[in-house]
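Residue numbers run from 1 in the order of the sequence given.
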Amino acid sequence: MISAQAWADTRRLWDYHQMGHTLRPCSVAIGLGSHDLGVAETAVDLYKRGMAPLLVFTGATSPTTRERMPRGEAVHYRERALELGVPDSAVLVEPRARNTGENIRFSRELLEEAGVDVSSVLLISKPYEERRAYATARKLWPAVEIVSASSPMTLEEYVDSIGDARLVIDMLVGALQRLLIYPAQGFMISQSVPDDVLDSYDRLRHEGFTSRLLVTDQSSA
């Protein structure tokens with residue numbers, strides 16, 4: 001049973017993880033690979049709305065996606081985009097990245113090799129990964145403007161889509177831990193975390209929502 005306090009704390013983390021950026025047209029949209037095909041579908045929607053002339057999908061496989069996306073996250077994203085009517089010429093695939101830092105680095109390299117002039121990036125991730133993706137991109141690609149985006153979902157809708165409330169809370173807690181420890185490791189820029197968000201994070205950890213926490217700080221973004 002998840003307490004009312006835990007839900008209130010979860011909502012506070014959910015709200016913090018989302019950047020609230022105003023969408024605007026960018027040089028390119030980059031969809032970060034994951035288990036969630038909604039990222040690809042959001043990228044397609046933004047492409048059709050004229051927010052970017054080119055889509056890049058980035059991601060290899062992970063233990064959580066290997067069975068569902070055996071050809072790799074970026075490849076499955078591309079296939080979904082083509083199903084939804086995006087022309088093949090408007091999609092680039094980066095199939096090697098295994099973490100957020102590699103998503104950014106390898107996508108940047110791919111675009112440079114393709115001769116694409118990039119001044120702004122529409123960075124598309126899962127809803128609770130917006131801030132982490134933004135902070136990573138600002139560290140690794142500081143010359144471009146980053147606009148964060150994700151599927152427009154409420155916390156309740158996201159929990160329903162995953163089907164496991166405890167797992168969602170664990171993911172939100174784990175994402176915040178990375179925002180706290182990764183800047184010192186050089187993986188992302190440092191961002192201010194309000195005291196009430198830190199208090200919610202601490203309460204959720206103490207209640208046992210810890211499956212996505214790093215045991216040590218020796219990890220990559």
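By the 4.0 Å N-to-carboxylate-O rule, Glu156 lies close enough to Arg11 to be salt-bridged with it. Under 4.0 Å is where a charged nitrogen must lie from a carboxylate oxygen, and between Asp9 and Arg203 at least one such pair does. Using a 4.0 Å cut-off between charged nitrogen and carboxylate oxygen, Arg12 and Asp199 do not count as a salt-bridge pair. The residues Glu102 and Arg96 are annotated as not salt-bridged, no charged nitrogen and carboxylate oxygen being separated by less than 4.0 angstrom. Salt bridge Arg108/Glu113: absent, no basic N to carboxylate O contact under 4.0 Å.
Partners of Trp141 by ring pair (Phe, Tyr, Trp, His ring centres under 6.0 Å), not counting sequence neighbours: none found. Applying the side chain to side chain donor-acceptor pair (under 3.5 Å) test to Thr42 and every residue at least two apart in sequence or in another chain returns Ser151.
A cation-pi arrangement is absent between Arg78 and Phe57 under the rule of less than 6.0 angstrom and at most 45 degrees off the ring axis.
A donor-acceptor pair shorter than 3.5 Å can be found between the side chains of Ser150 and Glu130. Using modelled atom types and a 3.5 Å distance limit, the side chains of Arg131 and Gln191 yield a donor-acceptor pair.
Between Ser107 and Val56, the shortest heavy-atom contact is OG-CG1, 3.8 Å. The heavy-atom pair separating His21 from Ser148 by the smallest distance is ND1-N, 2.9 Å.
The shortest distance between side-chain heavy atoms of Leu123 and Ile104 falls below 4.5 Å. Side chains of Leu54 and Leu111 form a contact here, defined as non-hydrogen atoms less than 4.5 Å apart.
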Evaluation steps, salt bridge (Lys or Arg N to Asp or Glu O under 4.0 Å), between Arg98 and Glu73: CA-CA 10 Å; Arg98 296 184 182 278; Glu73 296 155 7; over 6 Å; no
